[in-house]
Amino acid sequence: MKLLREKIQDEGIVLSDGVLKVDSFLNHQIDPELMKEIGLEFARLFKEEGITKIVTIESSGISPAVMAGLELGVKVIFARKRKSLTLTDNLLVSSVYSFTKQEENTIAVSSQFLNKSDRVLIIDDFLANGEAAKGLIDIVKKSGASIQGIGIVIEKSFQKGASELKNSGYRVESLARIQSLNEGKVCFVEELEE
Ligand code: G4P
Ligand code: NA
Ligand code: NA
């Protein structure tokens, strides 16, 4: 997605050890116009899949997921990372290991919003090692629903998440794919189709 790659080049900041900071439009401040375009692109990519629900994870997955849900006309569920006062019954849970924080976290979704007839699109902001995506896959599987695809805003193709998910048979569509972040520069995987 050209608009997104330009935004990353213009506003992304390469931090040490392969981390890209995109606080100006995705992870802290959110650019609604860009999110709208991201939602349109996910909807275009997955419109033939008969999606009935989108599942994401708080917090930064929510804005792209909501815009995709608006375009596809489906509800959006976000997995919670923290215990909720009101979300206590019938939880589907999974454990997610964060490499960046070196800690194991429990994520949870209420079973009332997912059932076995659902056809789910999983959306997240970043795909690095794929731990968050695997946790979401685990939760969707526990509900009995099927997973029709995984939509990612920014994929760090040099980490193992994307290839592992594809090797497991999932359709992964990433709107920007980063080959490397070496020497402070963002280098994208060649986008032949655009
Ligand atoms: P993984 O799920 O793919 O294995 O990722 P990892 O554990 O390494 O990442 C943990 C958190 O860091 C996730 O957000 C993930 O989206 C984010 N992340 C990973 N690599 C990058 C990067 O290069 N840049 C940025 N900006 N984020 C990255 P989170 O902690 O769950 O935060 P949030 O969703 O509440 O924002
Ligand atoms: Na994040
Ligand atoms: Na995320």
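When a ligand or atom number is given, it counts from 1 through the structure's own listing order. Just so you know, these numbers come straight off a predicted model, no measurement behind them.
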Peer 1: Does Glu103 form a side-chain hydrogen bond (donor to acceptor under 3.5 Å, both in side chains) with Ser98? I'd like the steps, not just the answer.
Peer 2: CA-CA 5 Å; Glu103 61 185 24; Ser98 169; over 6 Å; no
Peer 1: Under 4.0 Å, heavy-atom basis, I'd like to know which part of Val19 is in contact with ligand 1: side chain, backbone, both or neither.
Peer 2: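 Under 4.0 Å from ligand 1, Val19 contributes backbone and side-chain atoms.
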Peer 1: Could you tell me whether Gln159 approaches ligand 1 through its side chain, its backbone, both or neither, with non-hydrogen atoms closer than 4.0 Å?
Peer 2: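 It is neither; nothing of Gln159 touches ligand 1.
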Peer 1: Would you check whether Gly61 has a nitrogen or oxygen atom less than 3.5 angstrom from a nitrogen or oxygen atom of ligand 1?
Peer 2: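 N/O-N/O distance below 3.5 Å does not exist for this pair.
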Peer 1: Taking only heavy atoms of Glu131 into account, list the atoms of ligand 1 that are under 4.0 Å away from them.
Peer 2: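 Per the distance check, 1 (P), 2 (O), 3 (O), 4 (O).
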Peer 1: Kindly identify the option in Ser98, Gly18, Ser60 whose heavy atom sits closest to atom 33 (P) of ligand 1.
Peer 2: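 Among Ser98, Gly18, Ser60, the closest heavy atom to atom 33 (P) of ligand 1 belongs to Ser60.
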Peer 1: Calculate the angle formed at the Na ion (ligand 3) by OD1 in Asp125 and OD1 in Asp124; 10° precision is enough.
Peer 2: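 Output for this angle: 70°, rounded to tens.
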Peer 1: Find all atoms of ligand 1 within a distance of less than 4.0 Å from any non-hydrogen atom belonging to Ala132, and give their numbers and elements.
Peer 2: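 Ligand 1 atoms under the 4.0 Å threshold to Ala132: 2 (O).
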Peer 1: Once you restrict to heavy atoms under 4.0 Å, what part of Leu26 touches ligand 1? Side chain, backbone, both or neither.
Peer 2: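 Within the 4.0 Å criterion, Leu26 makes no contact with ligand 1.
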Peer 1: Could you list who else is in Val96's hydrophobic cluster, with ILVMFWY side chains joined at under 4.5 Å, directly or through other members?
Peer 2: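 Its cluster partners, ordered by chain and number, are Val55, Ile57, Ile77, Leu92, Ile107, Val109, Phe113, Leu114, Val120, Ile122, Leu127, Leu136, Ile137, Ile139, Val140, Ile147, Ile150, Ile152, Leu165, Tyr170, Val172.
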Peer 1: Would you check if the Na ion (ligand 3) lies under 3.0 Å from any N, O or S atom of Glu58?
Peer 2: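 Checking the Na ion (ligand 3) against Glu58, no N, O or S atom falls under 3.0 Å.
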Peer 1: I'd like to check which ligand 1 atoms, numbered from 1 as shown, lie under 4.0 Å from a non-hydrogen atom of Lys101.
Peer 2: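 Those qualifying, in numeric order: 30 (O).
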Peer 1: Could you give the distance from NZ (Lys53) to CZ (Arg119), rounded to the nearest 0.5 Å?
Peer 2: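 The distance works out to 13.5 Å.
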Peer 1: Could you pull out the closest heavy-atom pair between Arg5 and Ala176, with the gap in Å?
Peer 2: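 Looking at all heavy atoms of both residues, the shortest contact is CG-CB, 4.4 Å.
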Peer 1: Any salt bridge linking Glu41 with Arg44? Criterion: basic side-chain nitrogen under 4.0 Å from a carboxylate oxygen.
Peer 2: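 Salt bridge: yes.
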Peer 1: Which atoms form the tightest heavy-atom contact between Lys156 and Gly18, and what is the distance?
Peer 2: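 Nearest pair, atom of Lys156 first, then Gly18: NZ-O, 3.1 Å.
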Peer 1: What's in the same ILVMFWY side-chain cluster as Leu15, cut-off under 4.5 Å, chained through other members?
Peer 2: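 Members alongside Leu15: Ile13, Val19.
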Peer 1: Check this for me: does any side-chain nitrogen of one of Glu71 and Lys47 sit under 4.0 Å from a carboxylate oxygen of the other?
Peer 2: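 So Glu71 does not pair with Lys47 through a salt bridge.
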Peer 1: Hey, is the main chain of Val93 close enough, under 3.5 Å, to the side chain of Lys142 for a donor-acceptor pair?
Peer 2: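 Such a contact is found between Lys142 side chain and Val93 backbone.
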Peer 1: Hey, which atoms in ligand 1 end up nearer than 4.0 Å to a heavy atom of Asn129?
Peer 2: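 Going through ligand 1 atom by atom, the ones under 4.0 Å from Asn129 are 1 (P), 3 (O), 4 (O).
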Peer 1: If we only count N/O pairs under 3.5 Å, is Phe126 in contact with ligand 1?
Peer 2: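 N/O-N/O distance under 3.5 Å: no.
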Peer 1: Is the closest N or O pair between Gly130 and ligand 1 shorter than 3.5 Å?
Peer 2: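 Between Gly130 and ligand 1 (N or O atoms, distance only) the closest approach is under 3.5 Å.
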Peer 1: Less than 4.0 Å is my threshold; does some heavy atom of Lys134 fall inside it relative to ligand 1?
Peer 2: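 Per 4.0 Å heavy-atom rule, Lys134 does not contact ligand 1.
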